[in-house]
Amino acid sequence: MEENQPCQKSSKAQLAPAWSTELDQKSPTESLFYRSSLLSRTLVAQQKDQDCPYPLTATIHGSSSLYAASVSKAASLHWTGERVVSVLLLAMGPAAYYFPGPAVDYSLAAALTLHGHWGIGQVLTDYVHGEPKIKMVNAGLFLLSTVTFAGLCYFNYNDVGICKAVALLWSK
Amino acid sequence: MALLLRTFTRQGTCLFRPQFGILCRHAVPMGTTANEEMNTFWAKNNKLNRPMSPHLTIYKWSMPMMMSITHRGTGVGLSGGISAFALLALVLPGNYPYYLDLIHSLSVGPALLSLAKFGIAFPVSYHTLNGIRHLFWDSGKGFKIPEVYRSGYVVIVLSILTSIAAIGYM
């Protein structure tokens with residue numbers, strides 16, 4: 001490792017998020033100086049504007065571009081999926097009011113079931129602990145959601161349908 | 001100094017990318033996922049039979065806390081209601097208008113009828129409006145404490161108003 005004078009400039013340092021959380025409420029530049037004193041100036045962040053006359057001693061890459069091991073994106077995709085379904089369900093409110101019919105009925109059945117399934121899933125994740133218990137309740141939830149979707153589709157097919165049902169209920 | 005040790009044990013030092021003779025240190029987490037860490041926490045503490053510190057019983061309840069648990073409560077309630085409806089649809093012999101007429105014939109009275117309508121309309125409108133509030137948070141907006149309280153009050157007031165309007169409708 002080359003021992004050089006670090007570029008202690010005022011320009012913004014590119015720091016990985018994990019670093020700044022460890023030092024509560026310090027600005028990125030401040031925390032850099034703090035670390036500099038602690039680690040005998042062996043660590044310097046890479047600067048974007050390249051006004052440094054000499055090469056830097058080390059760079060910190062916080063992004064996933066140089067990952068040694070890949071991390072599954074399942075959790076973040078699940079999160080995004082939840083928001084997408086929520087927005088779709090929101091849109092189905094006015095859709096059901098202004099365009100009642102089988103298309104909205106079945107869409108509503110799907111969106112309601114999925115939104116509820118994921119929602120209850122989050123509740124279970126929060127309150128149920130221990131590997132076997134988690135597996136059991138999730139299996140039970142899957143069963144419940146399947147039966148719910150089946151029931152709603154059956155209702156849409158053999159009975160008046162969700163939109164009409166709400167309209168009739170409210171006409172009391 | 002513990003910071004120093006933690007820094008070096010957590011990060012992997014790579015040498016296969018010598019850019020201008022620079023030593024690259026990656027912020028690759030060599031640890032566990034959040035889910036794994038949570039499971040480890042619970043396994044350890046359950047095994048040691050540790051009692052849980054009081055939390056809900058001692059912490060002062062705030063409006064955002066109450067709104068949050070109400071959001072969860074209405075969500076679970078509505079979901080249960082939908083599942084119950086679906087199950088009944090599969091199990092009961094008659095069709096929907098038949099059972100609706102059955103309930104009509106009970107002649108409940110207008111006050112109880114309005115109460116029942118409010119009982120259905122309020123969870124739906126509260127959960128929907130608070131859900132929109134959640135989506136705003138998901139987009140990164142509205143986290144300042146005064147904003148949280150303000151949006152909270154707006155949701156509560158609008159929920160009540162829309163529920164009352166829904167009773168009067170039709």
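Fair warning: this is a prediction, and the values are worked out from it, not measured in the lab. Below, chain A is the first sequence line, B the second, and so on; all start at residue 1.
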What distance separates [X] [atom1] from [Y] [atom2], expressed to the nearest 0.5 Å?
X: A/Asn158; Y: B/Tyr96; atom1: CG; atom2: OH; value: 16.0 Å
X: B/His127; Y: A/His115; atom1: NE2; atom2: NE2; value: 4.0 Å
X: A/Leu108; Y: B/Ile82; atom1: CG; atom2: CD1; value: 8.0 Å
X: A/Leu90; Y: B/Leu135; atom1: CG; atom2: CG; value: 7.0 Å

Common cluster, A/Val166/A/Val104, ILVMFWY with side-chain heavy-atom separation under 4.5 Å: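 As far as the 4.5 Å side-chain criterion goes, A/Val104 and A/Val166 are not connected within one cluster.
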
Nearest heavy-atom neighbours spanning A/Tyr127 and B/Arg72: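 That would be OH-NH1, 2.9 Å.
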
Minimum-distance pair of heavy atoms, taken over all atoms of B/Ala86 and A/Leu152: CB-N, 3.9 Å

A/Asp159 vs B/Pro97 side-chain heavy atoms within contact, under 4.5 Å: yes

Chain B heavy atoms under 4.5 Å from [X]: which part of the residue, side chain, backbone, both or neither?
X: A/Leu112; value: side chain
X: A/Val160; value: side chain
X: A/Asn156; value: neither
X: A/Leu168; value: both
X: A/Leu169; value: both
X: A/His117; value: neither

Neighbour count above 12 (heavy atom, 6.0 Å) for B/Tyr98 OH: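 Result for OH/B/Tyr98: open.
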
